[in-house]
Amino acid sequence: MTTTLQVYNTFSGKKEPFVPLDPAHVKVYVCGPTVYDMAHIGHARSAVAFDVVVRYLRRRHKVTYARNYTDIDDKIIKRANELGQTPEQVSSRYIVEYLADMDALGCVRPTVEPKVSTHLPQIITMVGELVAKGNAYAAGGDVYYAVESFANYGKLAKRNLDDMQAGARVEPGEHKRNPMDFALWKGAKPGEPQWATPWGPGRPGWHIECSAMSREHLGVTFDIHGGGKDLTFPHHENEIAQSEAANGAQFARYWLHNGFVNIDDEKMSKSLGNFFTVREVLKAVDPQAIRWFLLSTHYRSPINFSDAALREAEQRVVYIYATLDRMQKAVSAMAGKGIAAGTLRDPSVADIITRFEQAMDDDFNTAKALGDVSEVFKLVNEILDKPSDPEMDARTLRVASQGLSSIAECLGIFGEDPQVVLGRIERRKQGEKGVDPAAVQALIDERLEARKTKNWKRADEIRDTLARMGIAIKDSATGTTWNVQ
RNA sequence: GGCGCGAUACCCAAGUGGCUAAGGGGACGGUCUGCAAAACCGUUAUGCACGGGUUCGAAUCCCGUUCGCGCCUCCA
C-alpha cells in the first residue's frame, strides 16, 4: 500500500497531493547552473535534493528530468574575456567540471541537459510570439517583456507591481517602459556572442531560456519545476509570465524550491565570498558524507555548512558502511537460513520500506527517513553482537538488508560496496595524517608480542604511541585492526 | 519599506491538535575487553523564544512581542 505523495508547492504556499498530469510520464524541469566557475556546495544541495526527488518519483512513475545549463550570460562573457578564451570554451569546461562533481556526489544524470547555445531558434521563436501577442516590445535594440501585460504578474512570489516598483530601478542604457520590465533579448554589443533576429542582432536575456527549453523538451505544461529559493523571484516569476503568455496555458504545476546552504547562518554566495566549492570539499570529506549531510536536513530548510557538521556526517557514513559490511558478510554466510516466513527479532523491520515511503511522501522528508534508518542499523548491530534464534536472526537480517538496499537506491547513500567506501575514507585519512601503514603494522606486531607475554604495560605504551599518531586500534578474536581517527 | 521563512535539549535535527517530544553527535553510567576501541544498553527537554488567546486537549491553530534569516539586483 502506498500513501499519497504530498509536495510543498511554492505557488500555493502549502503541501498538496501530487497528482501528475500523466501518471505514466512525469516531467520535471530544474534550473541548473550558470557555467562560469566551479560549482559550490549550494549547487550541490540543489542537485542532490532534486536527484532524490526524481529517484523517488521513479519508484512510481516514468520521469523525464530536464536540467539546463546557462551557457550564454554576462558572467561567462566576462570570464572568457579575462581568460582570453571564447565563452563557449569557458562554458564547456565548467559543464565538464560540474558533471564531474555531481557524478561524484552520486547524482543521476538528467534525461536531458539543454543549453542556451543550442536552443537559439526556439528562444527567438518564443520572443517573436511574445512580441506578436503584445506582451513584449522592441526598444533600442533590446526586447523587453511588458510586465503590465500579464495580469497576474507576481503570483508565484506573492508580490504586486505597485509594491515592487518602489525599489525597482532602470540601469542606464535600458529602454524599459516599466521599471519592472525585463529583457527577453539584449541588443548586440561589440565582442559579445550574437544571433540575428527580426528585431536586430543580440543574445537572449536570462529568463527566456527556461521557458523556451522546457517547452521544447517537456511541453507547454509540465509537472514539477524546481530550483533554489533565490530563483523564485524574479527568475521563476518571469518564466511564468513568458510561458503562460506565449502558450496560453498553465506552465509548471508544482513549484519546488530548495533552501540555502549557510555559513554561520548567512547564505553561501559568490558575492559574499563565503562559499566552498564542491571540489575542495570533496578533497576533505567523502562524497557519501556530503550527501548524508545534505539529506540530513529537510530540503526546504536552510542548512548550516561547517567542518564539524561534515565530520559528523562522515563519522555516520563510516558507521553505516561498517554495519553494512558486517551485515552483508553475515547474510552471505547464513546460506539457506531465514528463508521461511516467521517471527522477526523486532517486528518493526517489516515496515521499514513503508516507513520510508511515509517520510518521503511527506514532501520528501529525507531527514526523517535517515532518522528511521538509524534505528534499523542499530538493530542490525544488536543482532550481530547478540545472536539469539539463528533462523529468526537470519530472517530479520534478510528483511533489513532488502529494505535498506531499496532505501539506499532512492537516497543514493549507503548503496555502495562497504569495502570500497571504507577503504576510500581510510586511505584519504592516512594521506592527510601522513600515516605509514608499514610503520603502524610494525608497532602493532610488537604490541602483539608484548600481549602474548601479558606485558600489558608495554602493550599500552604502544597503543598510546599509536594514538598520538592518530591511529585507533581494535583487538578482536581474529586479530588487531587499526584505522585513522 | 514590501513579501516570505524560521526560533525544539550542550550541539545538529524530525515532529504542524491527543499514546512515553524521532534520530544523530557530545557527556556520564553499564555490558564486552587484561585494559581499551568498536558495537550494544541506560541516563541526559513535565519541556518546544516570550506574552496572551482558541480548545476537553497546543511544540503544533490565532493575535502580539523579541530575535535571526531570505527575496525584492546576479545568485542553487
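Just so you know, these numbers use all the heavy atoms, side chains as well, and skip hydrogens, waters and symmetry mates. Here is the naming used below: chain letters follow the sequence lines, and residue numbers restart at 1 for every chain.
- Listed pair A:R316 / B:G25 meets the phosphate criterion, a side-chain N or O lying under 4.0 Å from OP1 or OP2.
- Across all strands shown, B:C69 forms a Watson-Crick or G-U wobble pair with B:G4, both key distances being under 3.5 Å.
- Spacing of P atoms, B:U46 relative to B:C41, comes out at 24 Å, to the nearest Å.
- Between the P atom of B:C5 and the CG atom of A:L256 lies a distance of 16 Å, rounded to the nearest Å.
- The pairing partner recorded for B:A39 is B:U31, the criterion being a Watson-Crick or G-U wobble arrangement whose two distances lie under 3.5 angstrom.
- With rounding to whole Å, A:D37 atom CG is found 11 Å from B:A76 atom P.
- Pairing for B:G57 is absent, judged as Watson-Crick or G-U wobble with the two contacts each under 3.5 Å.
- Contact annotation: A:N304 side-chain N/O to B:C12 OP1/OP2 distance is not under 4.0 Å.
- Separation of the C1' atoms belonging to B:U66 and B:G57 is 28 Å when rounded to the nearest angstrom.
- There is no side-chain donor-acceptor pair under 3.5 Å between A:N274 and A:E266.
- Candidate nucleotides B:C72, B:A14, B:G34 were compared by shortest atom distance to the side chain of A:D460, and B:G34 ranks first.
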Using nucleotides 37-40 of chain B, report all nitrogen or oxygen pairs with the protein that are shorter than 3.5 Å.
residue, atom, partner, partner atom, Å
B:A39, O3', A:N381, ND2, 3.3
B:A39, O2', A:D385, OD2, 2.4
B:C40, OP1, A:Y319, OH, 2.5
B:C40, OP1, A:N381, ND2, 3.4
B:C40, O2', A:K386, NZ, 3.2

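- Applying the side chain to side chain donor-acceptor pair (under 3.5 Å) definition to pairs two or more places apart or across chains, those involving residues 31-45 of chain A are A:D37-A:K270.
- For B:G23, the paired nucleotide is B:C12, the pair qualifying as Watson-Crick or G-U wobble because both relevant distances are below 3.5 Å.
- Ring pair A:H235/A:H207 is tilted by interplanar angle, where 30° to 60° counts as tilted.
- Protein atom CZ of A:R159 is 10 Å distant from nucleotide atom P of B:G4, rounded to whole Å.
- When distances are taken from the side chain of A:P234 to each of B:U16, B:G34, B:C72, the shortest belongs to B:C72.
- Across the P atoms, B:U8 and B:C61 are found 15 Å apart, a figure rounded to whole Å.
- Among the atoms of the strands shown, base atoms are found under 4.0 Å from some heavy atom of A:G259.
- Comment: A:D346 does not engage A:K378 in a salt bridge, judged by the lack of any side-chain N to carboxylate O separation of less than 4.0 angstrom.
- Looking at residues two or more places apart in sequence or on another chain, you find no ring-ring contact (aromatic ring centres under 6.0 Å, His included) involving A:F233.
- Looking at heavy-atom distances under 4.0 Å, A:T297 makes contact with sugar-phosphate atoms alone, never a base.
- Taking atom CG on A:D363 and atom P on B:A14, their separation rounds to 12 Å, with Å as the unit.
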List the atom pairs, with distances to 0.1 Å, where a side-chain N or O of residues 304-312 of chain A and a protein N or O form a donor-acceptor pair under 3.5 Å, not counting sequence neighbours.
residue, atom, partner, partner atom, Å
A:N304, OD1, A:D264, N, 3.4
A:N304, OD1, A:D265, N, 3.1
A:N304, ND2, A:D265, OD1, 2.9
A:S306, OG, A:A309, N, 3.0
A:D307, OD2, A:R311, NH1, 3.2

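- One interatomic measurement links the two molecules: OH of A:Y8 to C1' of B:U16, which rounds to 13 Å at whole-angstrom precision.
- Note on A:R67 versus A:D51: no salt bridge recorded, every NZ/NE/NH1/NH2 to OD/OE distance being 4.0 Å or above.
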Under 3.5 Å, side-chain donor or acceptor atoms of residues 462-471 of chain A against the rest of the protein: list the pairs with distances, not counting sequence neighbours.
residue, atom, partner, partner atom, Å
A:R463, NH2, A:D460, OD1, 3.2
A:T465, OG1, A:E461, O, 2.9

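- Distance check on atom C1': B:G15 versus B:U20 gives 15 Å, rounded to whole Å.
- Rounded to an integer number of Å, the gap from CG of A:N262 to P of B:A76 is 15 Å.
- The CG atom of A:L370 sits 13 Å away from the P atom of B:G25 (whole-angstrom rounding).
- In the set B:A36, B:G70, B:A14, B:A14 carries the atom at the smallest distance from any side-chain atom of A:K368.
- Of the side-chain N and O atoms in A:K267, one or more sit less than 4.0 angstrom from OP1 or OP2 of B:C71.
- Among the heavy atoms of the strands lying under 4.0 Å from A:H40 is at least one base atom, whether or not backbone atoms are also near.
- At the heavy-atom level, A:V373 lies nowhere under 4.0 Å from the strands shown.
- Only the C1' atoms considered, B:C48 is 15 Å distant from B:G17, to the nearest whole Å.
- Within the structure, salt bridge (charged side-chain N to carboxylate O under 4.0 Å, His left out) contacts touching residues 224-237 of chain A (residues at least two apart or in different chains) are A:D230-A:K267.
- A:R355 comes within contact range of no nucleotide atom at all, as no heavy-atom separation falls under 4.0 Å.
- Rounding to whole angstrom units, CD1 of residue A:I303 and C1' of B:C11 are separated by 14 Å.
- Between A:K158 and A:H207, the residue whose closest nucleotide on RNA chain B is further toward the 5' end is A:K158.
- A distance of about 26 Å separates the C1' atoms of B:C10 and B:U16, rounded to the whole Å.
- Set against B:A13, B:G34, B:C71, the side chain of A:A367 has B:A13 as its closest nucleotide.
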